[in-house]
Number of protein chains: 2
Amino acid sequence: MTDINSSKRGSPLSSSSLGGDRPRPAKTGGSPLFLRDEELRQAIELLFYAYRDFTGEPDVILAQRDLGRAHHRVIYFVGRYPGMTVSYLLDILKITKQSLSRVLGQLMTEGYIRQDQGQEDRRQRLLTLTEKGEELERLLTETQRKRIARAYRAAGPEAVEGFRDVMLGIISSDEDRARFENRGE
Amino acid sequence: MTDINSSKRGSPLSSSSLGGDRPRPAKTGGSPLFLRDEELRQAIELLFYAYRDFTGEPDVILAQRDLGRAHHRVIYFVGRYPGMTVSYLLDILKITKQSLSRVLGQLMTEGYIRQDQGQEDRRQRLLTLTEKGEELERLLTETQRKRIARAYRAAGPEAVEGFRDVMLGIISSDEDRARFENRGE
DNA sequence: AATTTATGTCAGTCATGTTGACATATATGC
DNA sequence: GCATATATGTCAACATGACTGACATAAATT
């Protein structure tokens, strides 16, 4: 049907556990756009693989506590911005109030997060991690920090700068990009 | 309760739609690890925001066709490796056969993907996009390619190199990293 | 001939997202 | 002070996409 597996190009890579040859990327014709297209597709895939692996380790730890990735995100950001409001969290996560509500409710019931009434604006419920929450946050973030630290160390400071610039460019809004300014103090 | 909103540091950023001051990151004490911790946390957040926005546009297009992100991943990778096997796809996505089965079944029923029996190994079902599938793939990938292209252009070639190196470092396995070798030909 | 591999399928469950409507307390503007 | 807007919470219903575990078939491999 196709000649994908007929090894016309390049040396046959040692057959993996998948059996047979590794599939080859589709060619987009010999057009001058080939390299550019290839480069952009690689970026797409880098994002996919990196994100998949980046979330893999925490997911295991969370599963042991009957929590999911959604809980992780909440714990992470509440740990990051102690005393943050529910609105602010919604704005970061870009999910509905309903979705957050369930997750947040569980985290409070289980004692990972505490709510305090705002002083200036008493409608606000300021979110903070409890001891237990901080402990879990450290555990989860530690795996991700290690992964990033390893990648940063291997790639070097210049690469880190480039990584940061490209990632900022991928983000849609100025508002979100602004979260990365003036942080070193 | 806390003094998070009391604006002790820095100039007050113009209050956003969220009302009130922007929450400030938690300090980790004046330890010498501060910068490193901050740097690593920023990476964690860059991954979160970038991935969230990266998948946002395709999600809208998919929703119009009653498809989800899972369908996108399948369509993308089948388009990338025409004639790929089910096993290979499972290996990339790292999900269960069951999860893939449902999504793949829908895509075939809806006429986005075709299955052909392998010639050498007739147990294999080689996956290929149909015309309709290719059309959707182009539409979806186009939004992501544009996003990446914009980011790459803004950041410059050196940054792109760094981005790539860091992302490769974040990926867990040599097997997956190997997917990025020898592609330019 | 026995075993392994590639694929498919059944049944049930869970996590996490969605919409839309409605309720309450508090803050703010006129 | 009253009207309106905002911050938050809550109810019901639903869709998607993951999961587990078991079992079935055809073809390849040993």
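Taking all atoms of both residues into account, the shortest heavy-atom contact from A:I170 to B:R147 is O-NH1, 2.7 Å. When all heavy atoms are compared, the tightest approach of B:L104 to B:V74 is CD1-CG1, 3.9 Å.
Per the geometry, CG belonging to A:L127 stands 11 Å off C1' belonging to D:dT8, to the nearest Å. Per the geometry, CG belonging to A:L104 stands 10 Å off P belonging to D:dT8, to the nearest Å. Atom CD of B:Q98 is separated from atom C1' of C:dT7 by 12 Å (rounded to the nearest Å). In this structure, the CG atom of A:D116 is 16 Å from the C1' atom of D:dA7, given to the nearest Å. Across the protein-nucleic acid pair, A:L107 atom CG and C:dT16 atom C1' stand 13 Å apart, rounded to whole Å. B:I95 places its CD1 atom 16 Å from the P atom of D:dT16, with the value rounded to the nearest Å. One atom, CG of B:L93, and another, P of C:dT7, lie 13 Å apart when rounded to the nearest Å. The separation between B:R102 atom CZ and C:dA11 atom P is 14 Å, rounded to whole Å.
Of the side-chain N and O atoms in A:T85, none sit less than 4.0 angstrom from OP1 or OP2 of D:dA7. Taking 4.0 angstrom as the limit, B:S101 places none of its side-chain polar atoms (N or O) nearer than this to OP1 or OP2 of C:dG8. Not one side-chain nitrogen or oxygen of A:T96 sits closer than 4.0 Å to the OP1 or OP2 atom of C:dG17. Contact annotation: B:S87 reaches the phosphate of C:dT7 (side-chain N/O to OP1 or OP2, under 4.0 Å). Put simply, B:S99 has no side-chain N or O that comes within less than 4.0 Å of OP1 or OP2 on D:dG17.
Using a 4.0 Å heavy-atom criterion, one finds that A:Q115 contacts the sugar-phosphate atoms exclusively.
In this structure, B:R177 contributes its side chain and B:I171 its backbone to a donor-acceptor pair below 3.5 Å.
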**OP:** Under the ring pair (Phe, Tyr, Trp, His ring centres under 6.0 Å) rule, what do B:F48 and A:Y76 come out as? Steps first, then yes or no, please.
**Re:** CA-CA 11 Å; B:F48 168 75; A:Y76 178 84; 8.5 Å; no
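Annotation: B:K132, atom NZ; neighbour count of heavy atoms from other residues, nucleotides and ligands within 6.0 Å is above 12. The environment of CD in B:Q64 is crowded: more than 12 heavy-atom neighbours from other residues, nucleotides or ligands sit within 6.0 Å.
The side chain of A:Q124 lies closest to D:dA7, out of D:dA7, C:dT7, D:dA18.
A salt bridge is absent between A:R145 and B:E39; no separation between the charged side-chain nitrogens and carboxylate oxygens falls under 4.0 Å. Under the 4.0 Å criterion applied to side-chain N and carboxylate O atoms, A:E45 and B:R80 are assigned as salt-bridge partners.
Geometrically, B:R179 engages B:Y88 in a cation-pi contact defined by less than 6.0 Å to the ring centre and at most 45° from the axis.
Nearest-nucleotide positions on DNA chain C for B:V86 and A:K94 put B:V86 closer to the 5' end.
Here the options are A:R69, A:R65, A:R52, the test is salt bridge (charged side-chain N to carboxylate O under 4.0 Å, His left out), and the partner is A:D59; only A:R69 passes.
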Using nucleotides 24-28 of chain D, report all nitrogen or oxygen pairs with the protein that are shorter than 3.5 Å.
residue	atom	partner	partner atom	Å
D:dA28	OP1	B:E120	O	3.4
D:dA28	OP1	B:R122	N	3.2

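Taking a 4.0 Å limit (strictly below) on heavy-atom distances, residues 59-79 of chain A reaches DNA chain C at A:G68, A:R69, A:A70, A:H71, A:R73.
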